There are 2 protein chains.
Amino acid sequence: MPLSGSASDADDRLKLDRQLCFPLYAATNLLQRLYRPLLAPLGLTYSQYLVMMVLWDRKSVSVGELQNCLYLDVGTLSPLLKRMERDGLVTRKRDPADERRVLVNLTPHGDKLKSAASQVPIMLAANFNSDPADMQQLYELSTTLVGRLSDAVTACKD
Amino acid sequence: MPLSGSASDADDRLKLDRQLCFPLYAATNLLQRLYRPLLAPLGLTYSQYLVMMVLWDRKSVSVGELQNCLYLDVGTLSPLLKRMERDGLVTRKRDPADERRVLVNLTPHGDKLKSAASQVPIMLAANFNSDPADMQQLYELSTTLVGRLSDAVTACKD
DNA sequence: GCCATTTATATGGCAAGCCATATATTCGAC
DNA sequence: GTCGAATATATGGCTTGCCATATAAATGGC
């Protein structure tokens, strides 16, 4: 007999259908697959869409602020923003007040996309039926989880 | 994805903090960041870990069955399995009964990893404190969502 | 003011992840 | 049996996403 935990405990823990992380992972992949055809006509990927949402709201942000908003690595954001600049969605320029910082702003084209983008959430929701109360619950639980995970990740760094 | 369709105008729908998809996306990224240092000693990435969980349970699966289990594209799985074969985790061979199919099996080394891997979920959970009841709820809600999203994705294909 | 430290962003290398397309095998209509 | 359709996997091209490392600018101690 094992000293701590039975073999079936270990077995159980490694079952796909006993892992919380897996449905989150699968849902995220599937959601991006559903977003893709809705965002492609706007010339946006899902993560670019997230950046745009921050910019439509706040007009101007630094790369570091985007990191905090989106929980992404700089190594992800830097090339992402470069492509967005290449595609005429945003501009990037050094902050005169602090030359280390890079400020990201919308181009007129990027700004204009906002009205078309406002239909995207509606079109996405039309793709599948979901109980609004469940979705609200899911939103709250996952938002709380993100807070804890974010703390855990930053705690690891130190 | 909008949380409520009725009272929100276009601006509201495009707020990051009104979108269900975003916390799921952020949680998935953060989780993979926490998994990485736990899985790296085993020579596994998160998606490889998922494949291994299927194999530890079922011994032998085809690429297509993995697609169904993990909700991943073949274009993702094919190179993934190739790397896993290169790294001595699995073997791949054509099914004699149907030469179109490729059967994936564990190597002895891959099989041996199971006992070390059984500690990973425990170590991960130790990284952040979460209410078990909330996690259970989150698991159920996200699993339901995955079902609906999966249906929606396959519906799009036809 | 000067130098070490911190802070903000960039780059390179690698693994995913998707789509569109290509190839090989099997199945079906006939 | 034969040929076209369906099925299973592979490949190429692109974007993410991360880490480790590099560079440049600001900060603090002296």
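Quick caveat: nothing in here was measured; it's all calculated off a predicted structure. So that the names make sense, note that chain A is the first sequence line, chain B the second, and so on, each numbered from 1.
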Send over the distance from [X] [atom1] to [N] [atom2], rounded to a whole Å.
| X | N | atom1 | atom2 | result |
| --- | --- | --- | --- | --- |
| E99(A) | dT27(D) | CD | P | 12 Å |
| L89(A) | dT15(D) | CG | P | 12 Å |
| Q67(A) | dT9(C) | CD | P | 7 Å |
| E65(A) | dA8(C) | CD | P | 10 Å |
| E85(A) | dT9(C) | CD | C1' | 14 Å |
| D98(A) | dA26(D) | CG | C1' | 6 Å |
| L103(A) | dA8(C) | CG | P | 13 Å |
| L81(A) | dA8(C) | CG | P | 16 Å |

- Message: At less than 4.0 Å, is any side-chain N or O atom of R92(B) found next to OP1 or OP2 of dA10(D)? Yes or no.
- Response: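 Checking dA10(D) against R92(B), a side-chain N or O does come within under 4.0 Å of OP1 or OP2.
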- Task: Over 60° means perpendicular and under 30° means parallel, so classify the ring planes of Y49(A) and Y35(A), tilted if in between.
- Result: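 The rings of Y35(A) and Y49(A) sit tilted, inter-plane angle from 30° to 60°.
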- Item | Heavy-atom closest pair, residues L145(A) and A27(B) |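 Heavy atoms only, the tightest pair is CD2-CB, 4.3 Å.
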- Message: Taking donor-acceptor contacts at under 3.5 Å, does the side chain of R100(A) reach the base of dT9(C)?
- Response: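 Result: no qualifying N/O pair found.
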Taking [X] for the side chain and [Y] for the main chain, is one N or O donor matched with an acceptor at less than 3.5 Å?
| X | Y | result |
| --- | --- | --- |
| D73(A) | G75(A) | yes |
| T28(B) | L24(A) | yes |
| S150(B) | V146(B) | no |

- What salt bridge (Lys or Arg N to Asp or Glu O under 4.0 Å) pairs are there with at least one residue in residues 96-109 of chain A, not counting sequence neighbours?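 Passing the test, one end in residues 96-109 of chain A: D95(A)-R101(A), D98(A)-R100(A).
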- Sugar-phosphate or base contact per nucleotide [nucleotides 11-21 of chain C; S, B, -; heavy atom under 4.0 Å]: B---SSBBB--
